Structure formats: C-alpha cells, structure tokens
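Everything on this sheet refers to the single structure shown next.
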Amino acid sequence: MAKTPQAIRGTQDIFGADAEAFAFVVETFERVRRLYRFRRVVMPVFEKTEVFSRAIGETTDVVSKEMYSFDDRGGESLTLRPEFTAGIARAFLSNGWQQHAPLKVATHGPLFRYERPQKGRYRQFHQIDAEILGAGEPQADVELLAMADHLLKELGITGVTLHLNTLGDGDSREAWRAALVDYFRAVKDELSEDSQERLEKNPLRILDSKDRRDQRFVADAPKIDDFLTDEAKAFFGAVTSGLDAAGVKWTRAESLVRGLDYYRHTAFEFIPDEGSEAAGKLGSQSTILGGGRYDGLMQSLGGAATPAVGWAAGIERLAMLVGDKGEPDADVIVVLEDDAQMASAQALISTIRKAGHSAELMATGSPRKRFDKAVKSGAETIVSLFSPDDGCLASRVRGSDEWQARIEELLARSRTSPRA
RNA sequence: GCGAUCGUAGCUCAGUUGGUUAGAGCGCCGGUUUGUGGUACCGGAGGUCGCGGGUUCGAACCCCGUCGAUCGCCCCA
C-alpha cells in the first residue's frame with residue numbers, strides 16, 4: 001500500500017471541540033468588531049517579499065529567519081504572510097484607501113512563520129486583526145484597546161491584563177536605544193550569551209530577558225521616560241486617561257518592547273496574570289493579543305507619512321482560554337427501524353431541518369443498534385419510525401411534551417407534502 | 001538553530017530483570033433480548049511494536065542512526 005503523506009510540521013487539523021472553540025473566537029470577534037464599526041477586509045495570503053522585509057525590518061527574526069519565501073514561475077520572490085499589518089498597509093497605499101481615512105478595518109485568517117512548533121505556537125497559525133489607518137490621535141489607540149478589552153470579556157477570558165508602554169516617537173526611540181546600547185555594552189561580558197547577541201541585533205529585548213545575569217542590570221538601565229519628548233509624553237498621557245475613562249484596566253510595563261521595527265508610541269500586550277489559570281493553559285507562551293502604533297510604516301513602503309494603530313491576537317491561543325465549547329447535540333434524531341420506511345424518514349428529516357431544527361438520521365448499521373446510537377448521541381428528542389404488521393408507517397417520539405407535539409405536527413406535514 | 005522527553009490497534013494506554021501466539025478500555029462490525037426499550041450481554045475484525053542498522057540463541061524492551069511528535073530556549077500571536 002502506498003504511504004500516506006504526513007501533514008506539514010507545525011500545521012494543525014483542527015476538529016471537534018477545538019474547532020468549535022476556534023469558531024467561537026472568530027464569531028465573537030466578528031460580532032464585536034461590528035459594534036465598533038470596523039469594516040471587514042479580506043487580504044491576500046501572500047505578497048511580494050519586499051512588502052514584509054521593508055515594513056517589518058530586515059534584521060527582525062520574523063524577516064531574517066521565519067518567512068516562507070519562494071520564487072514564483074515568473075522569478076518573483078513572494079512570501080506567505082507572517083502578519084497582517086504590512087499587507088494591509090500595502091493595500092491602503094495601492095488602493096487609495098486614504099480617501100476613507102480614518103479607516104477602521106478588521107480581518108482574520110492564517111499566517112505563516114517558520115518556527116519550531118510548541119504549545120500555542122504553530123507554523124501555520126491564525127489571527128484576528130484590527131487596524132485603524134490614518135488616525136494619529138490618541139483616541140484611536142483608546143478605541144482600539146477598548147475593543148480588544150471588550151472582546152476578551154465577550155470571550156469570557158479572565159486573568160489577563162493589558163500591559164502598556166510607550167516607545168515615544170522615532171527620535172525618542174532611537175535615543176533610548178542608543179543609551180541602552182551604551183549602558184549594556186559597558187557590562188557586556190557579564191551578560192548572558194543571548195543578550196550579548198541581542199546587544200547588536202535587538203538591544204531593547206535585553207530588558208525582558210528571563211536570565212538572572214541580565215536582570216541584575218535591568219533595574220538601573222536607562223528608562224524610556226527620560227527620553228520622551230513633551231509631545232510623546234502628552235500622547236501617552238492622553239491614551240492612559242482615555243483608557244481609564246473607558247473603563248479599561250491596564251498596567252504600565254516599562255520594559256515592554258515589541259519585536260518589529262515599525263512600532264512607535266503606544267505598544268501593548270494582553271498577558272495572563274502570573275499563576276492564573278490562563279497562564280497555565282498557555283504553556284510558555286504569554287502574549288495572547290499584541291500590537292501598537294506604527295506611524296513610520298507607510299513611509300517604509302514608499303507612501304506618505306500615515307499614522308496608524310493596530311493589534312492582532314492568536315486565535316489558537318484565545319481558543320485555549322475560552323473553555324470547552326463542545327459540539328451541540330442534535331435537536332432531533334430520527335431512527336429508522338425499518339428500512340422499508342426510508343422515504344418517509346427522508347421526508348421527515350427534511351421537514352424538520354427546514355423548520356429550523358438540527359436533525360440527524362440514524363439509518364445505517366444493524367437496525368437494533370440505531371436506537372442505541374441515538375440515545376448515546378445525547379439528543380433529547382428521538383423519533384423512531386417502524387412498520388407495524390399492516391406495513392403502514394408508525395412512529396414513536398421520546399422527548400418532552402412540547403417536542404412530541406412539534407414532531408407530530410412536522411410528521412403530518414411531511415406526509416402531506418413530501419417535497420416540502 | 002539549541003535542549004529534554006516520547007513513538008505499541010482508529011483513539012487512550014498496559015506490557016515485569018530481554019524469553020512461547022503482544023494485551024485492556026473506548027470506538028467499529030456482527031449477534032442476543034419477542035421488546036415503548038436500551039446507553040445491557042456475547043462475539044469478531046483490526047498491530048511490519050515509527051523506520052533502518054547493531055548486540056544476542058532470542059529484542060516492543062539494550063545500543064547507534066534516522067524520521068516524527070510533545071514540551072522548553074530563542075522569538076513571537
């Protein structure tokens with residue numbers, strides 16, 4: 001026999017209760033984004049490689065080692081999207097969506113990153129995503145975060161806190177970065193091996209290193225607050241007071257930095273509280289929703305300076321926190337005890353479904369087992385069809401009085417109009 | 001890219017210090033009940049023990065390699 005091909009590493013075949021939880025997350029997101037008047041967009045799964053390399057930053061891990069890139073038949077380098085933001089920014093520029101600014105959009109779908117899979121982390125994973133394009137005022141950040149907070153509540157997720165930071169404007173961020181490099185370079189030999197490397201590539205990340213050798217120095221490291229311009233301070237102040245007014249709980253996270261080059265000003269992550277049930281379910285992954293302001297991104301793609309904010313959340317990670325959604329039982333199960341009544345059974349189940357009730361027909365395998373299966377399925381209402389000696393159709397309904405009456409009525413209807 | 005653990009039936013797993021024909025539960029298939037009732041009882045099918053080498057009289061078990069999975073590091077959603 002030929003060998004069965006295996007699934008690609010890091011991909012998932014989502015089924016059963018997991019698929020229900022996944023759908024619950026997406027459906028809830030769709031409902032909430034309408035409340036906030038975010039418009040639906042459907043984006044390509046792949047783009048020219050430069051869309052991502054220019055927007056995200058050549059030196060980031062995502063671009064330098066995690067992209068699924070390939071040459072198409074025309075010799076052009078394409079990449080399976082590792083995130084939504086860059087593609088949405090590209091669409092904003094190439095479709096003239098400036099005319100709709102400020103534009104609030106939402107989308108969801110698969111993303112691809114070549115990483116080692118582990119709990120809550122896959123090579124093909126799925127995100128929900130929300131962006132506000134062409135809005136430079138702190139009110140946009142507040143609205144976006146209020147929606148994220150609202151969504152998590154609608155999903156029933158607790159024990160998660162918004163961690164908030166500001167990276168200042170471009171100049172603030174650069175000055176802070178330079179100061180951090182100076183500070184850590186002086187003690188380079190005492191840092192962890194990872195952080196010695198981060199010093200060159202991504203010095204901001206040393207701040208949230210888990211290594212004790214690094215943590216000794218973090219407390220006295222230069223603070224972003226000392227490098228913020230007055231405007232940047234005022235902006236962050238407006239965001240935080242707006243969140244307070246909107247009833248969104250948050251905590252300041254001075255060392256929170258985001259990995260991608262394009263972030264400015266507001267940066268945030270929703271993270272499970274230490275020791276919470278949510279933290280346990282997520283394994284070593286912590287961030288379930290993250291994002292920030294990316295005022296410089298449009299220019300990196302050759303567009304006019306356009307302020308924007310956005311976030312994305314991992315559907316799989318959210319689905320791990322929403323509890324068991326299970327698959328709902330059928331409203332009605334029709335058990336065909338005599339195959340001679342097959343046509344009647346088909347007519348009845350069709351009528352039941354068209355009346356808006358979920359229904360399943362049990363008509364295969366040993367007739368004696370069919371009723372067993374129906375009972376095991378957990379359905380409250382079971383209709384069995386059989387033929388008494390006269391060969392006519394007879395039925396028995398097991399269920400509440402209300403359902404018995406309803407089924408009798410539907411049965412009568414299916415008899416009089418078999419094509420109903 | 002690095003590290004740890006683990007691969008036995010469709011699924012979840014047992015399998016003693018290496019020793020006849022590798023087991024259980026669930027699921028699947030069939031049978032039994034002369035029955036408004038049942039999630040019962042009996043039986044059956046299904047396994048190159050991930051794959052390839054090695055050690056041994058003999059390997060699911062020990063050794064090496066390889067593939068895969070899981071979890072962690074890095075990074076991220």
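Sequence lines set the chain letters: A, B, ... in the order given, protein chains first and strands last, and positions in each chain run from 1. These figures come from a predicted structure and were not determined experimentally.
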(Q) Hydrogens and angles aside, do A:Trp250 and A:Asp244 bring a side-chain donor and acceptor to less than 3.5 Å of each other? (A) yes

Comparing A:Gln127 with A:Val375, nearest RNA chain B nucleotide closer to 5' gives the residue A:Val375

Using a strict 4.0 Å threshold on nitrogen-to-oxygen distance, state whether A:Arg113 and A:Glu83 make a salt bridge.
no

*Touch class at under 4.0 angstrom, heavy-atom based, for A:Gly283 against every strand present*: sugar-phosphate

note: A:Arg317, atom CZ; B:A77, atom C1'; distance rounded to Å ~ 4 Å

By nearest-nucleotide position on RNA chain B, the 5'-leaning member of A:Arg398 and A:Glu83 is A:Arg398

Is A:Glu197 touching bases, backbone alone, or none of the nucleic acid, heavy atoms closer than 4.0 Å? nothing

Between CZ of A:Phe125 and P of B:C75 the distance, given in whole Å, is 16 Å

Could you tell me how far B:G46 sits from B:G23 if I compare only their C1' atoms? Round to whole Å. 14 Å

For this session: Please state the P separation for the pair B:C26 and B:A69 - nearest whole angstrom.
Result: 31 Å

Taking a pair to mean Watson-Crick or G-U wobble geometry with both distances below 3.5 Å, B:G47 pairs with none

Item to check | Lys NZ or Arg CZ of A:Arg406 over A:Trp403 ring: under 6.0 Å, within 45° | outcome: yes

From CZ of A:Phe112 across to C1' of B:A77 the rounded distance in Å is 14 Å

In Watson-Crick or G-U wobble terms, with both distances under 3.5 Å, the base opposite B:A9 is none

P gap between B:G44 and B:C49, integer Å = 23 Å

**Asked** Hey, does A:Thr60 reach any base, or is it just sugar-phosphate, or nothing, if we go heavy atoms under 4.0 Å?
**Response** nothing

Applying the 3.5 Å cut-off to both distances, the Watson-Crick or G-U partner of B:A59 turns out to be none

A:Lys65 NZ to B:C75 P, in whole Å, measures 8 Å

Distance check, C1' atoms only: B:U36 and B:G30, in whole angstrom units.
25 Å

request  = Could you check whether A:Lys119 gets within reach of a base, just the sugar-phosphate, or nothing at all, counting any heavy atom under 4.0 Å?
outcome  = sugar-phosphate

Q.
Categorize A:Arg116 for me: base, sugar-phosphate, or nothing, with a 4.0 angstrom heavy-atom threshold over every strand shown.
A. base

With P as the reference atom in both, quote the distance from B:G53 to B:A60 in angstrom, rounded to an integer.
14 Å

Do A:Arg123 and A:Tyr114 meet the cation-pi criteria used here (NZ or CZ under 6.0 Å from the six-membered ring centre, within 45° of the axis)?
yes

Answer for the Watson-Crick or wobble partner of B:U39, both distances under 3.5 Å, is none

A:Phe268 atom CZ is separated from B:A77 atom P, nearest whole Å, by 11 Å

**Q.** A:Asp339/A:Arg370 ion pair, N-O < 4.0 Å
**A.** yes

As its Watson-Crick or G-U partner within any shown strand, both distances under 3.5 Å, B:U70 has B:A4

Separation of B:A69 atom C1' from A:Glu115 atom CD, nearest Å, is 18 Å

### Task
State whether A:Ser284 places a side-chain N or O below 4.0 Å from either non-bridging phosphate oxygen (OP1 or OP2) of B:C73.
yes

Discussion item. At 4.0 Å (heavy atoms only), tell me whether A:Tyr122 reaches a base, stays on the sugar-phosphate, or touches nothing.
Written reply: base

Taken to the nearest whole Å, CD/A:Gln6 to P/B:C51 is 12 Å

Using a 4.0 Å heavy-atom cut-off across all strands, classify A:Lys210 as base, sugar-phosphate, or nothing.
sugar-phosphate

- Give A:Gln285 one of three labels, base, sugar-phosphate or nothing, depending on what nucleic acid heavy atoms sit under 4.0 Å from its own. base

- Item | Any donor-acceptor N or O pair under 3.5 Å, side chains A:Glu131, A:Tyr294 | yes

Report task. Determine, for A:Lys281 against A:Glu277, whether the closest basic-nitrogen to carboxylate-oxygen distance falls under 4.0 angstrom. Result -> yes

On a whole-Å scale, what distance lies between the C1' atoms belonging to B:C41 and B:U5?
43 Å

Checklist entry - When rounded to the nearest Å, what value does the distance between C1' atoms of B:G58 and B:G43 take? => result 35 Å

When rounded to whole Å, the CD to C1' distance for the pair A:Gln118 and B:G68 reads 17 Å

Answer for the Watson-Crick or wobble partner of B:U17, both distances under 3.5 Å, is none

- Message: Does A:Leu289 reach a base, just sugar-phosphate, or nothing at all? Heavy atoms under 4.0 Å.
- Response: sugar-phosphate

Item checked: Short side-chain N/O contact from A:Lys376 to OP1 or OP2 of B:G27, under 4.0 Å -> yes

Practice task
Report yes if at least one side-chain N or O of A:Arg198 is closer than 4.0 Å to OP1 or OP2 of B:C75; otherwise report no.
Solution key: yes

Check: Contact class for A:Arg9 vs. all strands (heavy atom < 4.0 Å): base, sugar-phosphate, or nothing?
Finding: sugar-phosphate

Exercise. Quick one: do the A:Ser284 and A:Gln118 side chains pair a donor with an acceptor below 3.5 Å?
Worked result: yes

Practice task
Check whether the side chain of A:Arg396 and the base of B:G37 form a donor-acceptor pair under 3.5 Å.
Solution key: yes

Any strand, both distances under 3.5 Å, Watson-Crick or G-U wobble: B:U34 pairs with none

Expressed in whole Å, how much space separates the C1' atoms belonging to B:A59 and B:U12? 25 Å

